[in-house]
Amino acid sequence: MSKLTLGRMAKLYGLHRSTLYEAVEKGRVSAGFDGKGQRVVDLSEMIRVYGEPPGRPTPEPDTSTPQPDIPPTPSGWAEMAAELRLLREEVAGLRQELRLIGHDGLRPRSEVEPPAGDNPPVVENPLPGKVGQPGAQSFADLLDSFR
């Protein structure tokens, strides 16, 4: 949010400048310094302490419920069901087209096989021990293998 000097913030809220300086000194309002060395207060801090500035009316929340395009009546339900049926048919057609061009994105991941030859090598024990000893079983074993 925006930061204003204490003087401008006091003017915005209709307070005396000394009142705001006193609030900062007593710790009720937190303030910092800008690049010029002037004390500034964040607007959100002033809203926290004093509320919204006077003269700026808070807009009333829009509580009206948007009206649907189709009235919620049995005849409206029939229209929605028909539209849903058409959308499902369209999706089925698009899926069929993707299958025809060979797109694999429609199968679940468990069914998708990796291309041959791209399998990563199987590593028996990624933490090898010294020659003749079994591989490291813990981080401490790994550290011991470097000594």
Side-chain angles (χ1 to χ4, degrees), residues 1-17 19-21 23-24 26-129 133-146:
M1 287 206 133
S2 61
K3 293 186 177 193
L4 295 175
T5 62
L6 291 179
R8 289 186 183 211
M9 200 64 81
K11 185 179 276 191
L12 177 66
Y13 275 85
L15 301 171
H16 196 275
R17 204 172 47 184
T19 305
L20 195 51
Y21 273 96
V24 169
K26 290 188 177 183
R28 289 191 303 259
V29 177
S30 60
F33 292 95
D34 65 1
K36 298 177 186 176
Q38 298 174 324
R39 275 219 164 146
V40 291
V41 178
D42 196 49
L43 181 58
S44 62
E45 176 69 5
M46 290 295 289
I47 292 172
R48 179 187 71 82
V49 176
Y50 293 104
E52 289 287 331
R56 268 181 31 187
T58 305
E60 291 295 322
D62 184 21
T63 57
S64 64
T65 305
Q67 297 298 321
D69 294 337
I70 301 172
T73 61
S75 64
W77 293 336
E79 291 175 23
M80 287 191 300
E83 185 176 354
L84 179 61
R85 192 174 322 104
L86 290 174
L87 288 171
R88 285 183 176 168
E89 289 173 7
E90 183 179 354
V91 168
L94 291 171
R95 283 186 177 158
Q96 181 62 30
E97 287 180 27
L98 283 173
R99 283 189 195 108
L100 291 175
I101 61 172
H103 190 273
D104 287 336
L106 298 176
R107 292 187 295 176
R109 276 188 99 56
S110 61
E111 295 178 15
V112 177
E113 299 172 12
D118 286 346
N119 294 335
V122 177
V123 178
E124 293 290 328
N125 188 352
L127 304 174
Q133 292 182 347
Q137 299 298 317
S138 67
F139 186 69
D141 294 340
L142 178 64
L143 289 177
D144 288 339
S145 71
F146 290 113

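Heavy atoms only: backbone and side chains are in, while hydrogens, waters and symmetry mates are out.
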Under 3.5 Å, which donor-acceptor pairs do the side chains of residues 6-14 form with other protein atoms, sequence neighbours left out?
unit_1, atom_1, unit_2, atom_2, d
Y13, OH, G51, O, 2.8

Subject >> Non-hydrogen atoms of V29 and E45 that approach each other most closely >> reply: CA-OE2, 3.6 Å
Contacts under 3.5 angstrom, residues 84-93 side chains, donor-acceptor by atom type, not counting sequence neighbours:
none

**OP:** Just do the side chain to side chain contact (heavy atoms under 4.5 Å, CB included) check on F33 and R39 with the steps written out, would you?
**Re:** CA-CA 4 Å; F33 292 95; R39 275 219 164 146; 3.4 Å; yes
Subject >> Interatomic distance, E52 atom CD to L43 atom CG [nearest 0.5 angstrom] >> reply: 7.5 Å
**OP:** Rounded to the nearest 0.5 Å, what's the gap from OG1 on T5 to NZ on K36? Could you check?
**Re:** 9.5 Å
Subject >> Residue pair V41 / S30: nearest heavy atoms and the distance that separates them >> reply: CG1-O, 3.9 Å
